[in-house]
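Position 1 is the first residue of the sequence; numbering continues from there.
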Amino acid sequence: MNKLLAALIAGTFALGSMAAMADDKTPAQPVDQAKLKADRAAAKAAKAQMTPEEKKAAKKAKSKQKAQEESQIEKVGNIPSGPQKAEALKKNVDATKTDPKALPDAKAKQEALKETTKKAGPGQ
């Protein structure tokens, strides 16, 4: 009886999740295949005309960009794109506006401490 009940629950869960995924009725975005092929052909032709030094520099720049993206993913998470990126950047800027700035040396820290105590007033 318990096995039958467990199988019934598992089957219900599987069918329910399949029905939930089937509700996505948004149409796929149309893609201009001719434009994509033309872009790819142009990029291939440009790469063929590059000198070995240019190829090496492009490869180095691409690997540097990829390493930067990977480090950002490790720190923050997945990289947003498009409007999501703009919203994420704005949110990050707004969140860090009130963060205190790092002071370069001990003298600057001491001056900042004196200013803070002056602003606080006597007895505090």
Side-chain angles (χ1 to χ4, degrees):
M1 181 72 178
N2 286 339
K3 290 181 182 180
L4 180 63
L5 184 61
L8 183 65
I9 291 173
T12 305
F13 179 73
L15 289 175
S17 61
M18 286 177 56
M21 288 191 302
D23 285 342
D24 185 22
K25 294 182 177 131
T26 56
Q29 295 292 330
V31 178
D32 187 10
Q33 292 293 328
K35 183 177 183 247
L36 292 176
K37 287 182 181 180
D39 289 345
R40 194 169 100 208
K44 191 174 182 181
K47 188 175 179 181
Q49 292 178 351
M50 291 173 73
T51 65
E53 292 83 20
E54 290 174 334
K55 288 180 182 179
K56 191 173 185 179
K59 187 176 181 181
K60 189 180 244 186
K62 190 172 184 178
S63 68
K64 183 178 179 183
Q65 180 184 6
K66 189 171 185 177
Q68 185 181 21
E69 289 175 356
E70 287 177 358
S71 67
Q72 182 180 1
I73 289 172
E74 289 174 0
K75 290 178 187 174
V76 179
N78 198 7
I79 301 171
S81 62
Q84 298 165 345
K85 185 174 186 177
E87 291 173 14
L89 288 173
K90 185 177 183 323
K91 186 189 293 186
N92 191 16
V93 167
D94 291 342
T96 58
K97 278 185 179 178
T98 58
D99 288 352
K101 305 293 184 256
L103 299 173
D105 58 1
K107 186 177 180 182
K109 290 179 184 178
Q110 203 61 24
E111 290 176 9
L113 180 63
K114 286 180 185 177
E115 289 178 22
T116 306
T117 54
K118 286 180 185 177
K119 289 179 183 177
Q124 290 185 3

Participant: Going by side-chain heavy atoms closer than 4.5 Å, which hydrophobic residues are tied to Leu36, directly or by a chain of links?
Facilitator: Val31
Participant: If you round to the nearest 0.5 Å, how far is NZ of Lys37 from CG of Asp32?
Facilitator: 10.5 Å
Participant: Given a cutoff of under 4.5 Å between side-chain heavy atoms of I, L, V, M, F, W and Y, with clusters grown through shared members, what are the other residues clustered with Met50?
Facilitator: none
Participant: List the residues meeting side chain to side chain contact (heavy atoms under 4.5 Å, CB included) with Lys44, not counting sequence neighbours, and say none if there are none.
Facilitator: none
Participant: List the atom pairs, with distances to 0.1 Å, where a side-chain N or O of residues 52-63 and a protein N or O form a donor-acceptor pair under 3.5 Å, not counting sequence neighbours.
Facilitator:
residue, atom, partner, partner atom, Å
Glu54, OE1, Thr51, N, 3.0
Ser63, OG, Lys59, O, 3.4
Ser63, OG, Lys60, O, 2.9

Participant: How would you list, by chain and number, every residue that makes a side chain to side chain donor-acceptor pair (under 3.5 Å) with Lys90, sequence neighbours excluded?
Facilitator: Asp94
Participant: List in chain and number order the residues that pass side chain to side chain contact (heavy atoms under 4.5 Å, CB included) with Lys64, two or more places apart in sequence or in another chain; answer none if no residue qualifies.
Facilitator: none
